[in-house]
Each structure stands twice: as structure tokens, then as C-alpha cells.
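As C-alpha cells, the structure follows; a few thoughts come after it.
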Number of protein chains: 2
Amino acid sequence: MREPRSPRRLTTLAATVTAMLATLGAAHGQALKDVQVADAPLVLKAQGSFFVGGEKVEQTQVETGGLGPGGHVTVNQMYVRYMVPQAGAGNVPVVMVHGATLTGKSWETTPDGRMGWDEYFVRKGHPVYVPDQVGRGRSGFNQAPFNDARAGSVPPASLPNWLRFSDEVVWPNFRFGSKPDAPYADSQFPVGAIDELSKQGVPDVSFGGLPTPNPTFKALSDLAVQLKGAVLMGHSQAGPFPLAAALLDPGVAKGLVLVEPGRCPTNYTDEQIKTLAAIPVLAIFGDHRDTATGISTRPSWQLSFESCQQLVDRLKAAGGQAEMLDPAARGIPGNSHMIMQDKNHLQIADLILKWIDERVGTRPAGKK
Amino acid sequence: MREPRSPRRLTTLAATVTAMLATLGAAHGQALKDVQVADAPLVLKAQGSFFVGGEKVEQTQVETGGLGPGGHVTVNQMYVRYMVPQAGAGNVPVVMVHGATLTGKSWETTPDGRMGWDEYFVRKGHPVYVPDQVGRGRSGFNQAPFNDARAGSVPPASLPNWLRFSDEVVWPNFRFGSKPDAPYADSQFPVGAIDELSKQGVPDVSFGGLPTPNPTFKALSDLAVQLKGAVLMGHSQAGPFPLAAALLDPGVAKGLVLVEPGRCPTNYTDEQIKTLAAIPVLAIFGDHRDTATGISTRPSWQLSFESCQQLVDRLKAAGGQAEMLDPAARGIPGNSHMIMQDKNHLQIADLILKWIDERVGTRPAGKK
């Protein structure tokens, strides 16, 4: 690999690290030390992992990397890790889907070492299922085009694009501050641990490099079928995924929680709206939504908020139980785009858990 | 992405699926249904995840995918998931590192839904830490060269190679049978669930696409330091990684378990041997090692076995507590390369746990 090991790069690295240590304190690279332990043990009926979906494709020896003969491999499968609480194993499961350039790690231990929403929801009595989106993390991706380009059999311009957010983009785009190293005074994000968030970033091939529609939609729907009903929660890029999954099989989508969705679709047909209106929907947004993101396709998150407000209004007009959750408007300011990692993340989780209790109930419909 | 959606590919897929269903039964794609639940709850003092290592590099807008400005991203970090048992939190931790084209999923729920070694070792009183190797899974990789090649600024021939094993390679290479769909009569691998193993495969850039030495070595050593001592266990490609990590900081490597290592180094200096001889070493191999793998760089696993026998002999000659564990020679035939997923995987785990008890003890040295 063309590793950036040149003196220029090293100088840049050293300067960056020095600047960050000066700004943020010296806790970096000590993530295990900073991990906190809960007062009470976590008692699980079960935990583990499995896959949903996937399809066999045939690939050449070059496409599989040349060490052995080509043949069949599986692509487009979705990895899912789960925890089922001993108390509450029959309660409605919650599926948590991460956003762009991230993995299921988003929902686990926070960058500064606090309990993630995955464990918190389990402790509150819900089985929790955390996928890696198709094409990322432990779900893998299809490497064939890259090896073909390397061998000269396809033009490199035909390769899919890999997306990753630089730290400099993350500051305004995730709304920790309007620019790098300048957190909002009321920011709820643990900015001292921002380097640990940076480590959560992985290359993301889902913008143009996956089949259409994104296989994650069907995998989420299939997962909800296998669970006999689930609350589907998606963050950021995956914010609208629960809607897409619900349209594939509305009967198993017991509630849809859209956490800081990148957008809510505003072009649903009346029939689609009628279908979705039968399912409780909650859209949650943090504060400082007017921040200029520096990303041309979405200049501000206020636009995302407004698209969801439009959808909620349509669903309500169709008789649906849809609502916006805007903590800042309730006197809880400073939440960021990474609201599940914010310092008050359990306060926000409690609002969602209350909504699930009230709108979805605790038991899946099939077991009532 | 150049998705294999052509009619030819679809026909191949359909034919393959039909053939496999005929061969293996109809359990495929039903992984959740097949997942088993233990009789007793799992009581954890703590669980979660964190990162070890990583470095900042500066990348251009093209290299980060073009959606926002370029800047700094983190590469070469290692994701680690952990579980600490309520009973045994002070016992020596075990770090389990997966092999080539795989992720930490190797140690989790088996392809046919049985408890993974990760949970079993926790239930036996050991904190367990499961990384994704640098460059894979939730550890991510450096996407910059691929986006540069796409943009035409570097030649595609300079791209790193992605390795993945086809199902056809896996059968003889992982020693389920001498050829596809022909399992050994005594095979311990749950071959009916081989499609679920196929889903565990991810592209692997570590053969030529990572810095030298592989950053996972240092990350493992640093993890053992943070844990104040650990048993380091590696599988296949990662079989020799515990040796490499131990040489970086022998004091924190309390025991080295090499599970079906691809090779054991035979060129250590006498000084390195002296260092390693102070640490208990166990090398474990399954059965049917004479199977022709179809891979030119390692025609049979018997060669791997012999390289480890050589190392063990050198360590013993230097006064070390090193040994080979060959279950077939003890009357336990049929184990495969994926020994941690074999039907008798808990029997094998018990042999390792007994070895840890006898050679390493239960408590880390720092806490005795």
C-alpha cells in the first residue's frame, strides 16, 4: 500500500498530535484505561452474532486475490451482533443501524468510555441487535472490481468511490462546533475524546458502490421478520433505512426511530404514506442545526430536520402516530449529530425508551 | 460498483444455491433461527469495545471521497470487543486474534449457531478480548490509494491486492474434505452450515497492503500492556502474531496459544528463542494435515505443523515450556482448520483452558 510515511507526512502527524494534545488533554490512545465499568453486572439470556442475507457470486482467481483458485464467494450479507437481557427477553427487540463511514461500533462504548446505547437498552429490558451495514465492517464488501482494476482488466475510473469524513469535516458536520477545535460552549459531545471517534471511521462504499436498492433495506426487513417484530432505529445515513425496511414488510416494523437522519423522503406516494402511518415514527434531532456543514449536498442539518417535519406532518394528516423529538426545544441544548455518544446520551435514550413504551408497548405483537 | 448482475451470473447463483440446498439441507439464510441459547444466563461485570493504536494521516479531498474537504483521518487502529465475567474478572485475560480473510466473528457464535469460544472462555472465568486485525472489519483500512487510482493519479497496478478465499478453496484449505462438497467421514466441522462460514469472509489487504511490520503486532503488545498481562491466542495467519507481539514486550505476554498457525518462524535468533522460552507456548493443529490445499505457497498444513514442531523443539532445548497439541494423536480425530467452530470445539477449548491453568495460572502477574 502507498503508505503515507514520507517525512512531510510524519511532520504533519507530529504537529497534529502535538496540537491536539495541547487542545484536548493527554487521554488519547488510552481508550481501555478510560473505559468505565457499571455498578451492576449485566445479566444476559444470550449474546452472539449471525448474518442476514447475502448472495453467492462467482469470481476469478484474480478477483479473489490470486492465492488460490477462483470460485464462489458470498457478498451483500449483513453481520448482526446481539444481546438479549435475562429480564425482558420477550420484550420488543431494538435494531440499531449506524450511519455513513461508521460501523455498529457507533452504539457501543462511547469515545470517552461510557456505556453505549446497545448495553443501556439491554439493561432497560430490550433485546438489542446491532448490524454492520452491507459493504462495511464485519459485513465485508465485494473486492472483485479493485483486483480487476489492479490487473488492468477494468478501467480504474469505473471503481466505486470510498467515502470517509476527515476530522476537519466532522467538527461542523457532526456539529461539535462551527470549525475544528472550537466546540460550542454547550456541546454535549465529549470533544476531549474526539480522536477516539476518529478511530471509528471506516471507508464507506455505499454511495454508488452497492446494488440498488441498498441490500441493507431488505436485510433489515428480513431481520425484523426473523425477530417476529422489532423497533428499527437508524442513524444519519441510515436514518431513513427503517422507513425503507418498513415498506418492504410493514407488519414486522413495530416502531421506527430516525436518529438525526440525513434526510426524510418527501416524495412518498399517498399509498406509501398510508402504509407508514400505521407504524409509530419518531424523528430525533440535536442542536445547532444551522451550522454550515461544508458539504455541498447538505449545507445544513436544519434542511434534514425540515424534510422530516414534512414527513411527520404527512403521516399525521394520514392518521399516523408520528412525531419530532427536538431536545433543544424542550430545554436540553447542545446535542450533536452523534447524539448516542453525547454526554447526556442516557437522558436522550430515556426519551426514546419512554416513546417505545407508550407507542409500541414492550412485547412484540406476535407474542401479545 | 461493477455488480455481478448479468444474467449469466444470476443463473450461476441460482444453480449454486439449488445445488447447495440439495447437498446441505435447507437451513441456509436462517442463521438467527438456528442460534442456540445457553441454559444459564451470562453474567458480565463489563462488556464493550475500544481501539488500540492508530495514527493520523493527512488526505486530499479526492482521497476521502470528495463529499467534504480533505484533512486528517486515523488509520491502522485496531478495534477490540471485550467481555469480562462477573466471576473471574481478575483472572488472566485471553486475546483472540482471527485469521486471513476473516474478522473477530471467527470466535463468536459458530456457523451452525453454537456458542463461540469468546463466550465459552468468559463462562470459564476469563476476560476475553476479540480484535479485528488492522485493515479489516471494524478496524477499517486506508482507502486513499483506491480513490487516487480511481482519479487517475496513481497507476492501478500500484494498488494493494485484496485476498479472499473462494468456497472451492476453503474446502481443502480449511480441511473439511479433499474437495468441495466431499466432507471427510470424521469431519468435526459443521459442513451443513458452510454457507454461514462463507458469509464470514471479508476482503483482506494484509498481504502487501499494510505497513511493515504489520501494525497488529504492536497493537496486540500494547493491548497486553494495557491489560497488565494476557494470554495471546492467534489463528491461522495470526497464529504466529502472539510470538511477534511477545518479542515486542515479553513481560506482558503470559502465554502464547497458536491455533492452526499458517507457519511458525524457523529463523529466530538464539536471543529471540531465549526471550520466547520464558513464556509458555502451545501450538494446536487439527487433523487431515496432508490434504492438498491447492495453494502454492503452502501445499499442505503438515508443513505448518512441522515448522511449529521445529520451533517447539528449539524453545524446549532453551528450557522453555513449549508443546504441540495434536488432538488426532490423542484419539480425537477429524478436527478442521476452523477448530474453534468444529462440533467438538468446547472439548478443544477445555484442553486449552487446562493448559492455561497449568502453565499460566489464572491471575495476571501484576495482581498476584
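Just so you know, these numbers come straight off a predicted model, no measurement behind them. Protein chains get the first letters and strands the later ones, always in sequence-line order, with residue 1 at the start of each. All values below come from the heavy atoms of this structure, side chains included, with hydrogens, waters and symmetry mates left out.
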Quick one: does any side-chain atom of [X] pair with a main-chain N or O of [Y] as donor and acceptor, under 3.5 Å?
{"X": "S153(A)", "Y": "A149(A)", "answer": "no"}
{"X": "E108(A)", "Y": "D118(A)", "answer": "no"}
{"X": "R123(A)", "Y": "A40(A)", "answer": "yes"}

May I ask you to name which of [options] has the most heavy-atom pairs under 4.5 Å with chain A?
{"options": "L163(B), V202(B), V52(B)", "result": "L163(B)"}
{"options": "V62(B), L102(B), L67(B)", "result": "L67(B)"}
{"options": "V73(B), T110(B), T103(B), V43(B)", "result": "V73(B)"}
{"options": "M115(B), Q86(B), R298(B)", "result": "Q86(B)"}
{"options": "D39(B), V80(B), N161(B), V170(B)", "result": "N161(B)"}
{"options": "G294(B), G54(B), P69(B)", "result": "P69(B)"}

Side chain, backbone, both or neither: which part of [X] has a heavy atom under 4.5 Å from chain A?
{"X": "Y79(B)", "value": "side chain"}
{"X": "Q61(B)", "value": "neither"}
{"X": "S198(B)", "value": "both"}
{"X": "M78(B)", "value": "neither"}
{"X": "R136(B)", "value": "neither"}

Return the option, out of [options], with the maximum number of heavy-atom pairs under 4.5 Å with chain B.
{"options": "E119(A), R81(A), Q200(A), Q47(A)", "answer": "Q47(A)"}
{"options": "A38(A), S139(A), G104(A)", "answer": "G104(A)"}
{"options": "V84(A), L223(A), V169(A)", "answer": "V169(A)"}
{"options": "G70(A), G113(A), G137(A)", "answer": "G137(A)"}
{"options": "G66(A), G140(A), G71(A), G201(A)", "answer": "G71(A)"}
{"options": "E168(A), M83(A), K45(A)", "answer": "E168(A)"}

P160(A) to G209(A) - nearest heavy-atom pair and separation
CB-CA, 3.7 Å
Using every non-hydrogen atom in the two residues, find where A100(A) and D204(A) come nearest and quote the distance to one decimal.
CA-OD2, 3.3 Å
Should the pair F174(B) and F165(B) be assigned to parallel (<30°), tilted (30 to 60°) or perpendicular (>60°) ring geometry?
perpendicular
Does the plane of the ring in F146(A) sit parallel, tilted or perpendicular to the ring in F146(B)? Use 30° and 60° as the thresholds.
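Aromatic pair F146(A)/F146(B) classed perpendicular.
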Give, as side chain, backbone, both or neither, the part of Y82(A) having an atom under 4.5 angstrom from any heavy atom of chain B.
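Only the side chain of Y82(A) comes within 4.5 Å of chain B.
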Where do S49(A) and K105(B) land on the side-chain contact (heavy atoms from CB on, under 4.5 Å) test, with the steps shown first?
CA-CA 8 Å; S49(A) 60; K105(B) 166 62 182 166; 2.8 Å; yes
Spacing of CH2 belonging to W107(B) relative to NE2 belonging to H98(B), to within rounding of 0.5 Å:
9.5 Å
Please report the interatomic distance OG1(T74(B)) to CG(D167(A)), rounded to the nearest 0.5 Å.
5.5 Å
Distance alone, cut at 3.5 Å: any donor-acceptor contact between the side chains of Q133(B) and S206(B)?
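Their side chains do not contain a donor-acceptor pair, so the 3.5 Å distance test is not met.
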